[in-house]
Amino acid sequence: MVLIIDTETTGLSGYPKDRVLEIGMAELEEGSVKPVYSEIIRYSDIVEFDRKYVNLDGSEGIWIYRNSDLRIEDTLDASKDLETVAAEVREIVSGREVTSYNVSFDFGKFLYHEPWNLKELCSVPYDIMELATKRVYSLAEADMIPDKVLQERLLREREELYYQNKWIRSIDAYRVLCPEDPMGLEGMRHRAVDDAVMEGWVLDKLL
């Protein structure tokens with residue numbers, strides 16, 4: 001039994017500049033993945049935070065509000081504040097085996113810090129992203145991905161970046177490793193809990 005966590009955040013810099021806006025968790029057990037937790041976090045000062053926010057590329061405003069169906073109004077109207085959500089997450093993961101797709105981001109930049117403090121509570125034995133990257137590139141190099149357009153794109157992107165270990169995006173890993181589409185990819189919103197479920201199915205193919 002493994003818990004998979006996914007976060008939606010204000011940006012990529014991590015704590016203390018950035019905040020977790022939404023968190024979702026899924027559980028993988030015996031070849032089945034199910035959502036177990038999903039919350040948007042309420043921040044009463046998010047409008048001012050967004051107005052002053054500058055992204056790493058110099059653009060202004062919180063990226064996710066302009067590139068997903070998550071809205072500032074959702075943050076303002078959320079039923080639970082940060083401390084409440086963090087306490088609930090801590091209770092769920094305590095003593096459990098937990099991971100994510102990019103542990104250094106979700107955990108290293110956010111969940112190991114205040115007020116989450118998950119480092120001493122749970123075991124994080126591997127990173128789904130690292131496992132998926134190795135498996136997907138191995139399949140691509142052996143010409144074993146049935147979707148040849150996807151296979152060629154992945155190899156081309158890696159070559160163009162001159163980086164032999166370019167990380168595979170979770171959605172690409174899912175398409176390669178889960179061609180039967182167990183979660184119904186077209187129906188997902190690409191929000192925290194949806195991504196956690198998708199990453200859980202990827203992990204199921206890797207273990």
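This structure is a prediction, so every number in the text was calculated from the model and none was measured. One is the number of the first residue; the rest follow in order along the sequence.
- Screening residues 197-207 for side-chain hydrogen bond (donor to acceptor under 3.5 Å, both in side chains) gives E180-K205 as the qualifying pairs, with residues at least two apart or on separate chains.
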query = Checking side chain to side chain contact (heavy atoms under 4.5 Å, CB included) for the pair L12/F105: CA distance, chi angles, key distance, verdict?
reply = CA-CA 8 Å; L12 302 177; F105 180 79; 4.0 Å; yes
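- For L139, the side chain to side chain contact (heavy atoms under 4.5 Å, CB included) partners are R135, M144, I145, V176, L177, not counting sequence neighbours.
- Applying the salt bridge (Lys or Arg N to Asp or Glu O under 4.0 Å) rule to pairs touching residues 113-128 yields nothing, sequence neighbours excluded.
- Between the OH atom of Y137 and the CG atom of L155 there is a distance of 7.5 Å, given to the nearest 0.5 Å.
- For residues 7-27, the set of pairs meeting the ring pair (Phe, Tyr, Trp, His ring centres under 6.0 Å) definition, not counting sequence neighbours, comprises Y15-H113.
- Atom-to-atom distance recorded for T9:OG1 and I23:CD1 is 11.0 Å, nearest 0.5 angstrom.
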ask   = When you look at R191 and I40, which way does the side chain to side chain contact (heavy atoms under 4.5 Å, CB included) test go after all the steps?
value = CA-CA 10 Å; R191 295 277 294 277; I40 297 172; 3.2 Å; yes
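- For the pair E48 and R51, the salt-bridge criterion is met [side-chain N within less than 4.0 Å of a carboxylate O].
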ask   = So M25 and I92, side chain to side chain contact (heavy atoms under 4.5 Å, CB included) or not? Walk me through it.
value = CA-CA 10 Å; M25 281 189 278; I92 293 170; 3.7 Å; yes
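- Side-chain atoms of R175 and D147, non-hydrogen and from C-beta on, never get closer than 4.5 Å to each other.
- The closest side-chain donor-acceptor pair between S104 and N102 falls under 3.5 angstrom.
- Between L82 and P115, some side-chain heavy-atom pair lies under the 4.5 Å cut-off.
- Side-chain polar atoms of Y53 and D18 form a donor-acceptor pair below 3.5 angstrom.
- R71 places a side-chain N or O within donor-acceptor distance of the main-chain N or O of S68, the cut-off being under 3.5 Å.
- Note that CG of N55 is 8.5 Å distant from OG1 of T10, once rounded to the nearest 0.5 Å.
- Contact between S13 and L56 at its shortest, heavy atoms only, is OG-CD2, 3.4 Å.
- Taking the charged nitrogens against the carboxylate oxygens, D143 and K148 do have a contact shorter than 4.0 Å, which makes a salt bridge.
- Y112 is linked by a ring-ring contact (aromatic ring centres under 6.0 Å, His included) to F107, counting only residues two or more places apart in sequence or in another chain.
- Shown here for D6 and A192, the closest heavy-atom pair between the two residues is CB-O, 3.3 Å.
- For residues 90-110, the set of pairs meeting the salt bridge (Lys or Arg N to Asp or Glu O under 4.0 Å) definition, not counting sequence neighbours, comprises E27-R96.
- Contact of the M198 side chain with the Y101 side chain is not registered, since no non-hydrogen atoms from C-beta on lie closer than 4.5 Å.
- In this structure, I72 and I62 have side chains that are not in contact, with every pair of non-hydrogen atoms separated by 4.5 Å or more.
- Closest approach of Y174 to G184, counting heavy atoms only: OH-N, 4.1 Å.
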message = If you apply the rule side chain to side chain contact (heavy atoms under 4.5 Å, CB included), what do you find for E39 with T84, and how did you get there?
response = CA-CA 10 Å; E39 287 292 345; T84 300; over 6 Å; no
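- Hydrophobic clustering places V2 together with V33 (ILVMFWY residues linked when any side-chain heavy atoms are closer than 4.5 Å, directly or through intermediates).
- Rounded to the nearest 0.5 Å, atoms OG (S38) and CG (D194) are 8.0 Å apart.
- Using a 4.5 Å cut-off between side-chain heavy atoms of Ile, Leu, Val, Met, Phe, Trp and Tyr, with links allowed through other members, M1 and V193 fall into different hydrophobic clusters.
- When each of L21, L76, D50 is checked for a side-chain contact (heavy atoms from CB on, under 4.5 Å) with Y43, only L21 meets the rule.
- Looking at every heavy atom in both residues, I64 comes nearest to E8 through CD1-OE1, 3.2 Å.
- R19 and I46 make their closest contact through NH1-CD1, 4.3 Å (heavy atoms, listed as atom of the first residue, atom of the second, distance).
- Criterion: ILVMFWY side-chain heavy atoms under 4.5 Å apart, direct or through other members. Under it, L207 and L3 are not part of a common hydrophobic cluster.
- Under 4.0 Å is where a charged nitrogen must lie from a carboxylate oxygen, and between K134 and E130 no such pair does.
- A salt bridge links R169 to D172: one of the charged nitrogens lies within less than 4.0 Å of a carboxylate oxygen.
- To the nearest 0.5 Å, atoms CG (L206) and OH (Y126) are separated by 9.5 Å.
- The OG atom of S170 sits 10.0 Å away from the CE atom of M129 when rounded to the nearest 0.5 Å.
- Counting all heavy atoms, side chain and backbone alike, P125 lies closest to S123 at CD-O, 3.4 Å.
- When hydrophobic clusters are built by joining Ile, Leu, Val, Met, Phe, Trp and Tyr residues whose side-chain heavy atoms come closer than 4.5 Å, directly or via intermediates, F110 is grouped together with V89.
- In the hydrophobic clustering of ILVMFWY residues, with side-chain heavy atoms under 4.5 Å counting as a link, L185 and L154 come out together.
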